[in-house]
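Step one of this worksheet: look at the structure below.
Just so it is clear: chains get the letters A, B, ... in the order the sequence lines come, proteins before strands, and each one is counted from 1. Note that this is a predicted model, so its numbers are computed, not measured.
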Amino acid sequence: LPFSHLSLGKKQPTVLVICGPDQNGSIGLVCARHLRMFEYEPTIYHPKRSPHSLHQDFTVQCEKMDIPFLSYLPTEVQLINDAYNLVIDAMLGPEADCANIKEPYSGILVTLKQVKIPIASVDVPSGWDVEEPSQEGINPEVLISLTAPKKCAMSFSGKHFLAGRFLPYDIQKKYELNLPDYPGTDCLIEL
Amino acid sequence: MDKMNHSSAEAEAETIEPLRYLSKGEAAAIETELLRDYRFGQQQLIEIWGQACALAITKAYPLSSLGKKQPTVLVICGPDQNGSIGLVCARHLRMFEYEPTIYHPKRSPHSLHQDFTVQCEKMDIPFLSYLPTEVQLINDAYNLVIDAMLGPEADCANIKEPYSGILVTLKQVKIPIASVDVPSGWDVEEPSQEGINPEVLISLTAPKKCAMSFSGKHFLAGRFLPYDIQKKYELNLPDYPGTDCLIEL
């Protein structure tokens, strides 16, 4: 949303979507597919594909939308800065063990810390502990929390969205989520 | 009203082709391709369609426009996919603070359908155990009826109970009816002479042939169809505004 077509600086509305192996990555795949419907030009980097059939289905859906999949991520950061308007970080989600990040994700995180274009993270910035902001981690400009924000987002200083308007009222009450009122029929709200 | 996608005023290099209205076979073929070749899941598609339907309802009948004290909506769900879409629609309407009530006489044993039913039950959406035949009770209790009974795959020449009875009731209600994809009882390719007369039609993915002469409010809902399928079937879908997943035709 903050990156509407008009705001993108490059000639083409290119977006790099980095997808991890688990649910966070699947969410990234679906996000990329919808961005394509919204006439953005996503490119996906999806180094390790989960064997899970649902994950594979999401991958096929993207391939059939003619969304390019990179076979490797350039380590030359300037190539990324030049080719894309922004990076969507859909690598590691709340279930990841941030003290134990393996390749290729540790390498990708090193690259991401150096990119000059904005990063938007899905649910939890990759490499952050779910409950603590990271001292040395990536620094996204945008965080899109899913369903409810995680503890690590409490001191997040960038643009913070809460996305996904489906959570049954009983669960909201049970966990005392106190979700804000979404405007109109929007499924997201800026916090 | 210009239903076709003509752009007479704009100096565009390419001519805009008219929107395609699908036959029963084409609608079925597209869905088969989506599931088999594009690997969309049934649950995924139904969720996309149901959510888009709910958004169409909020456009056609905004909360502030409803006349009754409570924003009540009656959602009549059939046994098959059209009914599942109705269940998802009801659930999203609940999130949008409408008060849906579901009438779902014959529940499919299909586990996906049951999942959608549980999702609605856990949202505290009431399920009626029977539909009043006294039409005035329906007129008084609800602002509108959402017809999610029979979809394009139904055999409209052979409608069994309880749906034939429900259709009789629906033909008499005075409150507006909004139909999901195909007005129940209509043939997919021909408007019905004696069928229900919805005020609103929410076509899913692409409109069906029976909608060509539909004179009410017509929405196209569901913005996910891969460009390759759009091209293959020459759908000529209109441009959705912004990031909306529906458009009024």
Residue part contacting chain A, namely of B:Leu35, when any heavy atom lies under 4.5 Å: neither
By side chain to side chain contact (heavy atoms under 4.5 Å, CB included) - contacts of B:Ala28 (at least two apart): none
Contact origin within A:Ile171 toward chain B - heavy atom pairs under 4.5 Å: neither
Pairing residues for A:Glu103 by the side chain to side chain donor-acceptor pair (under 3.5 Å) criterion, not counting sequence neighbours: A:Ser106
By side chain to side chain contact (heavy atoms under 4.5 Å, CB included) - contacts of A:Ala96 (at least two apart): A:Leu92
Part of B:Leu34 lying under 4.5 Å from any heavy atom of chain A: neither
To see if you've got the definition right, give the donor-acceptor pairs under 3.5 angstrom between chain A and chain B.
| residue | atom | partner | partner atom | Å |
| --- | --- | --- | --- | --- |
| A:Arg36 | O | B:Tyr227 | OH | 2.9 |
| A:Met37 | O | B:Arg223 | NH2 | 3.1 |
| A:Asp57 | OD1 | B:Arg39 | NE | 2.6 |
| A:Asp57 | OD1 | B:Arg39 | NH2 | 3.1 |
| A:Gln61 | OE1 | B:Gln44 | NE2 | 2.9 |
| A:Gln61 | NE2 | B:Arg39 | O | 2.8 |
| A:Gln61 | NE2 | B:Gln44 | OE1 | 3.0 |
| A:Arg165 | NH2 | B:Met95 | O | 3.1 |
| A:Tyr169 | OH | B:Arg94 | O | 2.9 |

